[in-house]
Each structure stands twice: as structure tokens, then as C-alpha cells.
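Everything on this sheet refers to the single structure shown next.
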2 protein chains.
Amino acid sequence: MKLKSFDHMNCSLAQTLDVIGERWTLLILRDAFFGTKRFEQFQKNLDIARNILTARLNRLVDEGILAKRPIDGGRFEYVLTDKGLDLQPVLLAMTHWGDKYKPNAKGKRLVFVERATGKPIAPMAVHATDGRVLKPRDIKAKPGPGLRS
Amino acid sequence: MKLKSFDHMNCSLAQTLDVIGERWTLLILRDAFFGTKRFEQFQKNLDIARNILTARLNRLVDEGILAKRPIDGGRFEYVLTDKGLDLQPVLLAMTHWGDKYKPNAKGKRLVFVERATGKPIAPMAVHATDGRVLKPRDIKAKPGPGLRS
DNA sequence: GACAACAAGTTGCATGATGCAACTACTCGA
DNA sequence: TCGAGTAGTTGCATCATGCAACTTGTTGTC
């Protein structure tokens with residue numbers, strides 16, 4: 001029986017999951033952020049099944065998250081688009097949660113820093129528009145115009 | 001054949017995905033943030049298969065993300081723990097990406113506001129420690145002490 | 001032109017995940 | 001005792017995942 005799609009849900013989270021929720025997708029995107037571009041390199045770094053990698057890359061290209069560019073010799077490279085780059089907060093939020101709750105005994109596995117200053121970035125958090133960090137109990141959800149349909 | 005686990009990967013993103021990457025998990029957590037607590041309510045709101053809901057709730061309880069509390073009449077409620085609340089940046093980052101790239105023609109489906117002021121929260125973004133918003137090209141990953149193993 | 005290596009898939013199949021509908025067991029109120 | 005509500009459990013069908021082998025195209029060397 002078919003997987004139940006989330007596509008019908010009028011929910012931005014569900015819409016996002018429909019695109020990036022398949023197994024391996026976020027790990028492929030992680031590697032794309034690290035600079036991986038070639039099919040074979042993704043396959044080796046991740047130790048992923050070739051048919052699954054093909055399917056995921058095609059889906060990401062179809063969704064405009066990666067661009068598939070031909071290079072010499074009938075080869076291709078897969079490069080993040082702006083739409084793909086905008087997933088960075090998602091990846092970093094998950095990474096920071098994993099750092100805190102699934103830590104390595106020796107410390108952080110990766111430190112993300114600002115190129116210009118070398119200083120670590122701030123932990124991913126929810127902010128007020130004036131920059132203050134907000135806690136979950138400080139936040140509430142209100143229906144927007146897009147909720148009525 | 002067995003799914004390939006991500007648990008062996010020395011990567012915080014992979015560790016997080018191993019916990020919350022299964023189908024429906026983030027949607028269950030979304031509803032928990034909205035105040036859903038009871039099995040039957042999750043089941044109806046999400047239209048999820050009962051066996052899958054059971055399995056996901058049990059996993060979330062095992063991971064300490066939800067707490068299962070008995071209430072009167074042999075019933076239970078499932079409540080977010082601090083560990084679960086700390087997933088809010090993940091959910092909001094995905095929601096904001098969905099708002100931008102999978103928009104509803106009528107506008108945002110939900111608006112998240114600060115309780116005290118009623119003002120919308122800032123879009124989820126990566127920040128420097130001084131509060132400046134950083135772009136992906138401003139950020140780089142460096143190996144941390146936990147990467148050697 | 002033949003061959004080998006590399007790259008990027010594709011194919012057929014086995015196994016586990018998902019989802020359905022029906023079912024079970026417990027609690028409570030009438 | 002019965003019915004409704006709650007929280008699962010069960011058996012099964014279908015699809016997702018993953019494996020290993022395979023195909024096709026390109027390039028460089030001989």
C-alpha cells in the first residue's frame with residue numbers, strides 16, 4: 001500500500017517534509033554543504049545505495065534545491081541553489097540538537113564558524129525581531145490568512 | 001533487507017535523524033507543540049495509522065523527547081520534555097522554509113508570535129554571537145575534538 | 001581499434017517499513 | 001450488563017530500501 005503523502009496538508013512543515021523527509025536526503029544535503037558535488041563522491045562518503053542516491057538527487061533537482069550541471073566528459077556535478085542554501089538553518093538546528101543530546105564524549109564533532117572572524121556561530125535558536133532569544137513557552141502560533149482553505 | 005542505520009555515523013545531524021527521521025515523527029511533534037497530548041487526538045488530527053502512531057510515540061518516549069503520563073481511567077497523555085522542546089528551532093526552521101518555498105497563495109498558514117508582545121518572531125536564520133544574521137557563504141565548518149575517533 | 005578505468009546510472013530481487021481494517025483489553029458511566 | 005471511549009495489537013498487502021550485478025558513455029593509452 002502506498003505511503004500517505006503529506007502534500008495535501010495545509011501545513012508548511014508537512015510541505016517541507018514532503019520534499020526533504022525521505023531517507024538520506026538531509027545527509028546528501030549536508031554533504032552538498034560540505035562541498036561534495038559528484039555522484040560517486042556522494043555515494044562513497046555516505047555509503048548509500050546507488051539507486052537510492054540517483055532517486056534522491058533527481059528529486060532534489062526536480063525541486064530546484066540542487067542544480068545538475070554538465071561538466072567535461074559526460075559527467076555532472078550537483079550544486080546547491082539558493083533554495084537549497086536556505087535549508088542551512090534546518091541542518092544547523094538539527095546538528096545543534098544532536099550536539100547537545102547525542103554528544104560525542106570528546107566534544108563537538110564540527111564547529112561552525114564565521115569565515116571573517118573565525119568565531120563560532122551562535123546556537124540555533126528562535127529570536128524576537130529585536131534579537132532576543134525566545135523560549136518555547138514565550139511563543140505561540142496564530143492562524144494566518146493561508147490557513148483558511 | 002534492513003534499513004541502514006545512521007547511528008554509527010560520527011555526525012550530529014545523522015544522530016538527530018536517527019531519532020527524529022522516521023516518517024510522521026516531526027508531524028507528531030508539531031502537534032505536541034500545538035498542545036495535543038492524547039493518543040486518539042494525535043491519531044485523528046494526523047490521520048495516521050494506529051500501529052505507526054504507537055511505534056512513534058514509544059520511540060519518542062524511549063528517547064526522552066516525550067513523557068508518557070498516566071491520567072485517570074487508565075489513560076495517558078504524552079507531553080514534551082525539555083529535550084523535546086529543544087526541537088523547536090528544527091520545526092520552525094522547516095516551517096519557515098516551507099512558508100517561503102511552498103507558500104499558500106493566501107499567505108502564511110501560521111504566524112508565530114511572542115506571547116508577551118504579540119509580535120511575530122524573526123525568521124529562523126543563522127546568527128553570529130553578536131546577533132548578526134549570517135549567510136551560508138559566511139559560514140564554514142571546522143573539525144572539532146569530537147571528530148577524531 | 002581495442003582495452004581499461006572511471007562515472008553515472010539501471011535492474012531484479014529480498015527484506016523491512018508502512019498502512020489498512022479488524023480486533024483485543026481496559027475503564028467508566030448508565 | 002452494556003455501550004462508548006481509549007490505547008493499543010494483529011495479520012496481511014503493498015511499497016521503500018538496499019544489495020550486487022549489470023549497462024552505457026567517455027577518456028586516455030597502447
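Predicted model only: the values in this text are computed from it and were never measured. Just so we're on the same page: letters track the sequence lines, and every chain starts at 1.
The backbone N or O of Gly21(A) lies less than 3.5 Å from no partner atom in the side chain of Thr25(A), so there is not a single donor-acceptor pair. Judged by distance alone, with hydrogens and angles left aside, the side-chain atoms of Thr81(B) form no donor-acceptor pair with the main-chain N or O of Ala67(B) at under 3.5 Å. Listed for the His127(A) side chain is no donor-acceptor partner under 3.5 Å among the backbone atoms of Ala122(B). Under a 3.5 Å cut-off, the side chain of Arg38(A) and the backbone N or O of Phe76(A) do form a donor-acceptor pair.
The only option from Arg132(B), Lys140(B), Lys142(B), Lys135(B) that meets the salt bridge (Lys or Arg N to Asp or Glu O under 4.0 Å) definition with Glu114(A) turns out to be Arg132(B). Tested against Ser12(A), the residues Asp99(B), Thr95(B), Asn104(B) include a single side-chain hydrogen bond (donor to acceptor under 3.5 Å, both in side chains) partner, Asp99(B).
One distance of note links CG of Leu57(A) with CD1 of Ile52(A); it measures 11.5 Å at 0.5 Å rounding. Rounded to the nearest 0.5 angstrom, Asp82(B) CG and Leu85(B) CG are separated by 6.0 Å.
Between Phe42(B) and Tyr78(B), the ring planes lie perpendicular to each other; the angle is over 60°, past the 30° to 60° tilted range.
Nearest-nucleotide positions on DNA chain C for Thr54(A) and Arg50(B) put Thr54(A) closer to the 5' end. Residue order along DNA chain D, read from the 5' end via each residue's closest nucleotide, puts Leu57(B) first among Glu22(A) and Leu57(B).
Rounded to an integer number of Å, the gap from Ile48(A) CD1 to dC19(D) P is 10 Å. Summarising the geometry, the separation between CZ on Arg69(B) and P on dT6(D) is reported as 20 Å, rounded to the nearest angstrom. Look at CD on Glu77(B): it is 13 Å from P on dG8(D), rounded to the nearest Å. Between the C1' atom of dT27(D) and the CD1 atom of Ile71(A) lies a distance of 13 Å, rounded to the nearest Å. For the pair Asn51(A) CG and dC19(D) P, the computed distance is 9 Å after rounding to whole Å. Whole-Å rounding puts the Lys2(A) NZ to dA16(D) P distance at 7 Å. dT17(D) atom P lies 8 Å from atom CG of Leu3(B), rounded to whole Å. The CZ atom of Arg56(A) sits 16 Å away from the C1' atom of dT10(C) (whole-angstrom rounding).
Listed by residue number, the members of residues 34-42 of chain A with any heavy atom below 4.0 angstrom from DNA chain C are Arg38(A), Phe39(A), Glu40(A).
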Inset, instruction - Applying side chain to side chain contact (heavy atoms under 4.5 Å, CB included), run through Asp138(B) and Ile121(A) and close with a yes or a no. - result: CA-CA 10 Å; Asp138(B) 299 328; Ile121(A) 63 172; over 6 Å; no

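Using a cutoff of 4.0 Å between basic side-chain nitrogens and carboxylate oxygens, Glu40(A) and Arg75(A) are not scored as salt-bridged.
Taking only side-chain nitrogens and oxygens, Trp24(A) never comes nearer than 4.0 Å to OP1 or OP2 of dA16(D). When the side-chain nitrogen and oxygen atoms of Lys68(A) are compared with OP1 and OP2 of dG9(C), one or more of them lie within a distance under 4.0 Å. One finds no side-chain N or O of Tyr78(B) lying less than 4.0 angstrom from the OP1 or OP2 phosphate oxygen of dT6(D).
The side chain of Ile52(A) lies closest to dG18(D) when the candidates are dT18(C), dG16(C), dG18(D). Residue Lys44(A) places its side chain closer to dA7(C) than to any other of dT6(D), dA7(C), dT17(D).
The end-to-end axis angle of the helix from dG1(C)-dC30(D) to dA30(C)-dT1(D), rounded to 10 degrees and based on five pairs per end, is 0°.
The shortest heavy-atom contact between Leu92(A) and Val126(B) is CD1-CG2, 3.5 Å.
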Inset, instruction - Sugar-phosphate means primed atoms, P, OP1 and OP2; the rest is base. With that split, encode nucleotides 24-30 of chain C 5' to 3' as B, S or - using protein heavy atoms under 4.0 Å. - result: ---SS--

